[in-house]
Structure formats: structure tokens, C-alpha cells
Amino acid sequence: MAETNDKIVYMDNNATTKVAPEVVDAMLPYLKELYGNPSSMHTFGGQVGQAVVEARSKIADLLGAQPEEITFTSCGTESDSTAILSALRTFPEKRHVVTTRVEHPAVKSLCENLETLTGHKYKVTRLKVDEEGMVDMAEYEAALTDDTAIVSVMWANNETGNIYPVEKMATMARARGILFHTDAVQAVGKIPINLKELDIDFLSLSGHKLHAPKGIGVLYVKRGTLFVPFLTGGHQESGRRGGTENVASIVGLGRACELAAEKMDEENTKVKKLRDRLEKELLSRIPNSRLNGHKTARLPNTTNISFEYVEGEAILLHMNRYNICASSGSACTSGSLEPSHVLRAMGVPFTAAHGSIRFSLSIYNTDEEVDYIVEKMPAIIESLRKMSPFWKGN
């Protein structure tokens, strides 16, 4: 229960976003009256199929892609797996994958599983990051070999917001005849993307990160790229992904991509300004706090701050009393005391890694919400530090 505020102050948008009202309105007809199968030959189903066509074009427009390069999936995780496994099946003689140490579990866990597959002998190179979470391009170039089937590097990190030079990395991979995939789940809708000018072969996105519903994703496959489906079945998605299309969510994602294009400037001005003020105030008002990630090369909506000598989960529980929603950069759940693999890779000190909080904003956040968080956070941290055996302050 909130002690002083009944309104939810939601700053956990990298976890999921509010479905935009305009998106809900676009979806409703396809949950009620227009329920036909888009593959049906009759007119009733045909009009539903036309809605899928129109949504595909809207998504392609946001990405600077062609409609036929857009394949609908269930989520970003499916898109990631499909891209990487397709490359390995396309080039069965190649056994090497290049990625980073800071990838989302959707890629991280898949790569770990590949290394344990009996009889396949897959090798994964995980690029190190520096203390700001950025990759070393010289190490990346050295990692590319004739045995490399695919590179998978996220466009923007979900915990720190760091933006990676995937445009340049894709060009370097292309020069070696290596496929390039980027998990762009956090980047799409927040920064400009124009795939027609890039050497990226595969790109993943997820609807619920840009104000569309959960359960809908996209895999971009550049025209001419060899591709092996992950889900086979019917003829849907030009044979690239079997299964009847999730029409209402596809329509919603199309509308969300339209809105994202319209709101891109707002993301990079209003939202960034709110983020910067929140970050500046918390760092200045709370001693022994630090920013995790690059200061400038990051998404306009994300800040990850460590409050030393306290546990992130304890911070979140106290924030929850005031209806403030954010995320911990720590994975201290189910009895585990291991901090985030991203912060570990960055070399964030133990005393700070456990007390990291990620605030991720959206166009729906306000100045008043920033004021509220700035008001409550210093007292929360102070009270927890008084209980910490590691805190040596007053």
C-alpha cells in the first residue's frame, strides 16, 4: 500500500510499457467484429488480411525497411532465437558465434545452451566491456574468423541504456561474409533506425517495449539473406513463420510504430530532459551514489544508478510503499546474491552492484513524478543504510 501517493509512478518502461490508448482503439475491432482468419479466401477474412498488410508497412516504415522484410513473431526472444539458429543452420560447417557479455538473457541463455549441445561443438566468443559498458572494437575485429556464422550484438542495453555501434560492427561482419543480428528491442522507437542504409541482416523487436501489447514481436530479415524458419507449419509469413497471425496485436504494433515515429523527437527532448533531471538530482542529493553506463552514448529514457551499501531489492520494496515502480540491476532472487551480469561485466564494485536501480521513462512521465521520486529516494536510502553493516557513514 502506498503511504502518501495513490497514483502509480511508473518508471519501469524497459521492462514493459503502457499500451497506448490509440493502440487499444486500433485493436478493438479485430477482437470484436473483425475476427476472420487473414488467410481465408472470403471477403470477411480478406479485410483482416489487408489489416496485416497495412500494419507490416507501418512497421517497415519505422525501421527503414521493406514490408516483405518484416516477419511477425510472438516476442523478441523468439526473434532472437530464430535469427541465430537460422544462421547456424544456413552455414552448418560454421560453429562460431560472436556476442557480448552484456546481452539480454534471450541471447545470453541461447548461447550458453549452444555450447552444451552434444555433438555440435559450438564456440561462443563474448566480447568484454569497459567500466562504462562499451565494447572494444579492436577485440571485436580480432574475434571475427572464417568459422564465425553470426554476430549478435544488442543495439541498446536493457539495464544501462548503452547504445552500441552496431552499424559499424555490421559492416565489419559483412566484409568477412558473416551474418549480423541485433537485438533492438530497447532501441526501436527511441532512436532513429534506417535499415536500408545498413549491413544488418537480422533485427529483433518486441511490441510491449514501445506501447503495443505483449505477445507480438518482429524479426527483420534483410532481402537476400539466407533464412531457415524456426517454426514451420502453414504458409503464413511467406513461409518464414508458421501459425495463424495474431491479428489484433499485429494491428496494434503497426499503430504503435506510427506513434513512435511521431513521438521520436519527444523521446529525445522531453523524455531525455526528465531523465537527466532525475539522474542529476538523485546523484547530487544521495551520497555514495554512482551512474552505471556511458554518460552520453545511451538511450534518452534510461538511467541506472547504484546506491552503495544497500540491496536493490530492499530499495524497491521501500519504493513500492510509495507506488514508485522501477527495477533493480541485481538478480538477487530466490536466495541468489549474484548481482546483474551486466554490472559484473562492467566491473562495478560489489558494494555498488547490489544496490543498483534502473529508472526507465516514457512519454507518459511528468515533471511532477520526477519531483516525487526525488523527494522520496534520499530518505529511503538513508533508512536502509542505517541498517546496513557495511555503511560507515552517519
Side-chain angles (χ1 to χ4, degrees), residues 14-17 52 55-56 58-60 62-90 97-100 103-114 149-158 164 166 169-170 173 179-191 193 195 198-223 225-233 236-247 249-250 252-254 256-257 260:
N14 285 9
T16 196
T17 55
V52 173
R56 199 184 307 273
K58 293 172 183 177
I59 296 160
L62 179 64
L63 299 176
Q66 298 299 315
E68 60 268 26
E69 296 174 315
I70 303 300
T71 298
F72 292 112
T73 67
S74 65
C75 59
T77 297
E78 182 192 330
S79 298
D80 290 342
S81 289
T82 300
I84 294 170
L85 295 176
S86 173
L88 294 174
R89 293 175 67 185
T90 298
V97 177
V98 175
T99 185
T100 76
E103 295 299 311
H104 187 277
V107 170
K108 178 177 178 289
S109 297
L110 174 63
C111 288
E112 290 169 352
N113 289 339
L114 288 172
I150 189 168
V151 174
S152 182
V153 175
M154 61 189 355
W155 200 311
N157 187 269
N158 51 297
Y164 295 98
V166 294
M169 298 176 88
L179 293 175
F180 189 92
H181 164 254
T182 184
D183 179 336
V185 163
Q186 297 295 343
V188 173
K190 297 171 189 168
I191 58 175
I193 293 174
L195 291 171
L198 303 177
D199 292 319
I200 292 171
D201 299 291
F202 300 108
L203 176 146
S204 305
L205 72 85
S206 184
H208 75 106
K209 307 295 187 178
L210 65 153
H211 305 290
K214 302 170 185 67
I216 183 65
V218 160
L219 175 64
Y220 159 86
V221 183
K222 183 179 273 303
R223 181 186 295 177
T225 300
L226 296 175
F227 180 77
V228 179
F230 180 57
L231 290 180
T232 56
Q236 295 91 350
E237 298 302 292
S238 301
R240 287 181 167 173
R241 202 267 191 183
T244 303
E245 297 90 343
N246 179 3
V247 176
S249 293
I250 287 171
L253 179 55
C257 286

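Treat the numbers as computed from the prediction; the structure is a model and nothing was measured.
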So F180 and D199, do their side chains get closer than 4.5 Å, heavy atoms only? no
Are the side chains of V188 and I193 in touch, meaning some heavy atoms are under 4.5 Å apart? yes
Roughly how far, to the nearest 0.5 Å, is CG of L226 from CZ of R89? 13.0 Å
Residue pair K209 / K190, side-chain heavy-atom distance below 4.5 Å: no
Would you call E69 and K222 a salt bridge, using N to O less than 4.0 angstrom? no
Is there side-chain contact between V221 and R240, with heavy atoms separated by less than 4.5 Å? yes
So which pairs with a foot in residues 71-84 pass salt bridge (charged side-chain N to carboxylate O under 4.0 Å, His left out), sequence neighbours left out? E78-R241
Can you tell me how far OG1 of T71 sits from CZ of F227, rounded to the nearest 0.5 angstrom? 6.0 Å
Considering only heavy atoms from C-beta outward, does the side chain of L85 approach that of V228 to under 4.5 Å? no
I want to check something: taking the side chain as every heavy atom from C-beta on, are N158 and D183 in contact at a cut-off of under 4.5 Å? no
Taking the side chain as everything from C-beta on, heavy atoms only, tell me whether T182 gets closer than 4.5 Å to Y164. no
Which value, rounded to the nearest 0.5 Å, describes the distance between R56 atom CZ and Q66 atom CD? 13.0 Å
